[in-house]
Amino acid sequence: MSSLQEKLKQPFTRDIVTNMKTIESVFANDIDVLKRDFFFHENKSIPGVCFYTDGLANTQQVEEIIKSLSLYKGDEILNSEGGMAETIKKNLLINASVMIIDNFEKGINGILMGDTVVLLSGSRQAFLITTRGWDTRSVTEPQTEQVVRGPRDGFTESIRTNTALVRRRIRDPQLRIEGMQIGKKSKTDINIVYLEGTVKEGLVKEVKKRLEQIKIDAVLESGYIEELIRDSPWSPFTTIQNTERPDKVAAGILEGRIAIFVDNTPFVLIVPTYFWEFIQASDDYYSGFMAGSFFRIVRYLAFIISLTLPSIYIMLVSFHQEMIPTELALTIASGREVVPFPVLVEALIMEIAFELMREAGLRMPKPVGQAVSIVGSLVIGQAAVQAGVVSPFMVIIIALTGIASFAIPNYSASISIRLIRFPLLIASGTLGLMGFSAVFALIAIHALSIRSFGEPYLAPAAPFQPSDQKDIILRFPWWKMDKQPYLAEGTEDRAINNLEPKPPEKSPDSKQAKKGKQ
């Protein structure tokens with residue numbers, strides 16, 4: 001055991017000077033950890049000291065603590081039978097959260113989290129007072145999941161702000177928020193949020209088990225947790241959903257899922273998740289069911305185009321020209337007369353160039369990045385065609401593929417599609433229809449075999465759940481979705497009007513009233 005760990009395990013002593021030196025030796029020359037000496041009681045008979053971290057603690061609250069202790073008058077607390085520390089906690093410290101501690105480890109951890117430790121001479125106990133008050137980013141609209149109609153608030157880097165945004169939407173006493181810390185050095189706060197009575201009990205135990213098994217020095221973003229607890233870590237498919245939208249998290253919790261909040265990041269994890277949810281958007285539920293279903297179908301078409309269009313084009317041009325209409329085949333052939341590369345190499349060049357431009361647009365400053373990605377695409381595409389490096393038809397195919405990939409609402413899902421596209425390209429360009437069919441079948445079999453926290457990834461389509469088909473490809477009206485999803489546990493009926501709305505009937509006296517007016 002190191003000397004630092006030995007110090008942390010030691011209990012407080014009655015000598016305040018010894019306690020101060022121990023805390024000061026732990027933080028050494030850290031200029032952001034401040035010490036403030038004071039005297040408890042108006043006659044200045046009992047020395048005291050408090051430690052807090054500048055920038056993490058609210059200095060106004062620290063000043064109020066010192067003021068309440070140093071200006072105390074009377075001797076009732078000093079001579080109290082129940083113990084001086086307990087009496088001070090109940091009568092003098094008015095903060096929302098005050099804890100009496102007896103060892104250095106709890107005090108040091110509290111100081112590093114923005115709390116204040118108060119030591120009094122002659123006491124073997126200290127006060128750990130919650131004074132967290134660091135600067136945080138205000139609640140703004142999410143950058144990655146924007147909607148036309150719907151809430152404009154998004155998660156921030158503060159875990160308590162994020163849980164409050166969900167609590168505002170689910171004001172149910174059965175909403176449970178459980179906490180833990182992960183990271184040997186970072187001690188990152190993790191919150192597990194679920195709706196008791198709706199979530200399956202075994203799912204809660206499984207999530208806790210996977211989180212408790214994590215052994216890591218630091219957790220700096222929820223992506224660490226996502227990679228460490230996900231099913232099928234070698235799969236290109238995303239088996240855990242991440243989102244910045246509080247309404248999406250609240251909807252998942254109401255359906256029997258669990259949300260995992262990680263401090264210092266606006267991205268919240270939702271488990272388990274199904275493949276179909278990555279094609280759905282929040283707008284689907286805020287618009288009418290016809291409009292929501294239409295745009296969802298458009299997104300499914302975008303998914304198919306993004307995944308298969310380049311592969312199908314390469315397969316047809318390279319091996320199965322007889323399947324292309326004659327006039328279209330002649331047009332494609334005339335455009336490829338001066339191209340020196342096979343279709344597969346041509347497609348790989350364009351795909352890599354498109355990915356480079358997309359990555360450059362993301363990493364550059366926002367005003368410049370958009371201009372570079374648009375102008376770069378136009379200039380490079382036109383120049384490549386004029387130089388005879390690629391055919392005009394290939395530019396159209398890659399452009400359609402790229403636009404279709406942007407229509408996928410979830411960024412993680414669009415990355416998965418981009419990864420899967422390359423094996424399909426190579427198989428189609430080398431083996432034609434047979435290669436395309438084989439690789440596509442392997443991808444489908446793999447998707448059928450993986451699970452997300454025990455739930456089939458392609459459910460409720462495979463295995464088929466008839467009651468859950470009202471919200472996969474089409475979004476049925478709300479009055480038709482009167483059953484809880486198969487994932488949820490407990491009552492099957494939703495608290496929703498399951499009768500189709502009808503216009504009010506005319507009053508029987510309406511005709512007589514009309515005649516009277518005449």
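Nearest approach of Leu433 to Met315, heavy atoms of both residues: CA-SD, 3.3 Å. When all heavy atoms of Ser306 and Thr401 are compared, the pair lying nearest together is O-CG2, 3.5 Å. Nearest heavy-atom pair, Gly256 versus Leu203, reported as atom, atom and distance to 0.1 Å: O-CD2, 3.8 Å.
For the pair Thr331 (side chain) and Glu327 (backbone), a donor-acceptor distance under 3.5 Å is present. Between the Trp134 side chain and the Ala57 main chain, no donor and acceptor come within less than 3.5 Å of each other.
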Set out, in order, the CA-CA distance, both residues' side-chain angles and the distance that settles side chain to side chain contact (heavy atoms under 4.5 Å, CB included) for Ile472 and Tyr300, then state yes or no. CA-CA 11 Å; Ile472 295 183; Tyr300 275 106; 4.0 Å; yes
Pair Phe155, Phe261 - check ring pair (Phe, Tyr, Trp, His ring centres under 6.0 Å), show working. CA-CA 10 Å; Phe155 290 127; Phe261 290 75; 5.7 Å; yes
Set out, in order, the CA-CA distance, both residues' side-chain angles and the distance that settles side chain to side chain contact (heavy atoms under 4.5 Å, CB included) for Glu141 and Asp153, then state yes or no. CA-CA 5 Å; Glu141 185 176 2; Asp153 55 344; over 6 Å; no
Using salt bridge (Lys or Arg N to Asp or Glu O under 4.0 Å), reason through Glu212 and Lys208 one step at a time and then give a plain yes or no. CA-CA 6 Å; Glu212 290 170 354; Lys208 290 181 180 179; over 6 Å; no
Walk me through whether Asp283 and Arg149 qualify under salt bridge (Lys or Arg N to Asp or Glu O under 4.0 Å). CA-CA 6 Å; Asp283 303 68; Arg149 177 179 179 178; over 6 Å; no
Start with the C-alpha gap between Ile190 and Asp263, add the side-chain angles, then the distance that decides, and say whether side chain to side chain contact (heavy atoms under 4.5 Å, CB included) holds. CA-CA 6 Å; Ile190 310 292; Asp263 200 12; over 6 Å; no
Go through the steps to decide whether Glu196 and Arg176 satisfy the test salt bridge (Lys or Arg N to Asp or Glu O under 4.0 Å), and finish with yes or no. CA-CA 7 Å; Glu196 191 175 21; Arg176 300 287 175 256; 2.8 Å; yes
Under the criterion side chain to side chain contact (heavy atoms under 4.5 Å, CB included), I'd like the reasoning laid out for Ile312 against His320: C-alpha separation, chi angles, the key distance, then a yes or no. CA-CA 10 Å; Ile312 293 174; His320 308 285; over 6 Å; no
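Here Ser437 pairs with nothing under the side chain to side chain donor-acceptor pair (under 3.5 Å) rule; sequence neighbours left out. With sequence neighbours left out, the side chain to side chain donor-acceptor pair (under 3.5 Å) criterion links Arg230 to no other residue. Arg167 meets the side-chain contact (heavy atoms from CB on, under 4.5 Å) test with Leu175, Ile177; sequence neighbours excluded. Every side-chain contact (heavy atoms from CB on, under 4.5 Å) that Ser318 has, sequence neighbours left out, goes to Ile314, Val343. With sequence neighbours excluded, no residue forms a side chain to side chain donor-acceptor pair (under 3.5 Å) with Thr53. In this structure, the side-chain contact (heavy atoms from CB on, under 4.5 Å) partners of Tyr411, at least two apart in sequence or on a different chain, are Leu362, Ser414, Ile415, Arg418. Considering only residues two or more places apart in sequence or on other chains, Asn264 meets the side-chain contact (heavy atoms from CB on, under 4.5 Å) condition with none of them.
Side-chain contact check for Arg210 versus Asp231: some heavy-atom pair is nearer than 4.5 Å. Inter-residue side-chain proximity for Arg160 and Arg132 is flagged as unmet; no heavy-atom pair is nearer than 4.5 Å. Looking at Phe278 and Phe303, their side chains never come closer than 4.5 Å, going by heavy atoms from C-beta outward. Here the side chains of Gln174 and Thr198 are not in contact, with every heavy-atom distance at 4.5 Å or above. Counting heavy atoms from C-beta on, the side chains of Met113 and Lys187 never come closer than 4.5 Å. Residues Phe275 and Thr238 fail the side-chain proximity criterion, which asks for heavy atoms closer than 4.5 Å. At least one side-chain heavy atom of Ile258 sits under 4.5 Å from a side-chain heavy atom of Val199. In this structure, Arg336 and Val339 have side chains that are in contact, with non-hydrogen atoms separated by less than 4.5 Å.
Note that CG of Asn242 and CG of Asn410 are 6.0 Å apart. Values are rounded to the nearest 0.5 Å. Expressed to the nearest 0.5 Å, how far CD1 of Ile229 lies from NZ of Lys209 amounts to 13.5 Å. Interatomic distance, NZ of Lys215 versus NZ of Lys184, reported as 10.5 Å (0.5 Å rounding). To the nearest 0.5 Å, the span separating CG on Asp115 from OG1 on Thr131 amounts to 5.5 Å. Ile420 CD1 to Leu425 CG: the interatomic distance, rounded to the nearest 0.5 Å, is 12.5 Å. Going from atom CE of Met434 over to atom CG of Leu431 covers 5.0 Å, rounded to the nearest 0.5 Å.
Residue pairs meeting the ring-ring contact (aromatic ring centres under 6.0 Å, His included) criterion with at least one partner in residues 457-477, sequence neighbours excluded, are Phe237-Tyr457. Sequence neighbours left out, the pairs with a member in residues 291-308 that pass salt bridge (charged side-chain N to carboxylate O under 4.0 Å, His left out) are Asp284-Arg296, Asp284-Arg299, Arg296-Asp471. Within the structure, every pair that satisfies the salt bridge (charged side-chain N to carboxylate O under 4.0 Å, His left out) test and touches residues 420-446, not counting sequence neighbours, is listed here: Glu351-Arg421.
A side-chain donor-acceptor contact under 3.5 Å links Ser97 and Thr130. In this model, a donor atom of one side chain and an acceptor atom of the other lie less than 3.5 Å apart for Tyr194 and Glu178. Inspection of the Ser405 and Arg358 side chains reveals an N or O donor paired with an N or O acceptor under 3.5 Å. With hydrogens and angles left out, the side-chain atoms of Tyr285 and Asp247 include no donor and acceptor closer than 3.5 Å. Side-chain atoms of Glu346 and Ser391 include a donor-acceptor pair closer than 3.5 Å. At a cut-off of 3.5 Å, with distance as the only test, no side-chain donor of Thr188 or Gln181 sits close to an acceptor on the other residue.
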Can you give me every donor-acceptor pair (side chain of residues 442-455, partner residue at least two apart or in another chain, under 3.5 Å) with its distance?
unit_1	atom_1	unit_2	atom_2	d
His446	NE2	Ser235	OG	2.7
Ser449	OG	Ile445	O	3.4
Ser449	OG	His446	O	2.7
Arg451	NH1	Gly454	O	2.7
Ser452	OG	Thr239	O	2.7
Ser452	OG	Thr273	N	3.1

Could you list the donor-acceptor pairs under 3.5 angstrom formed by side chains in residues 216-228, with sequence neighbours left out?
unit_1	atom_1	unit_2	atom_2	d
Glu221	OE1	Gly223	N	2.5
Glu221	OE2	Thr265	OG1	2.6
Ser222	OG	Phe267	O	3.1

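Between Phe406 and Phe354, the two ring planes are tilted [angle within 30° to 60°].
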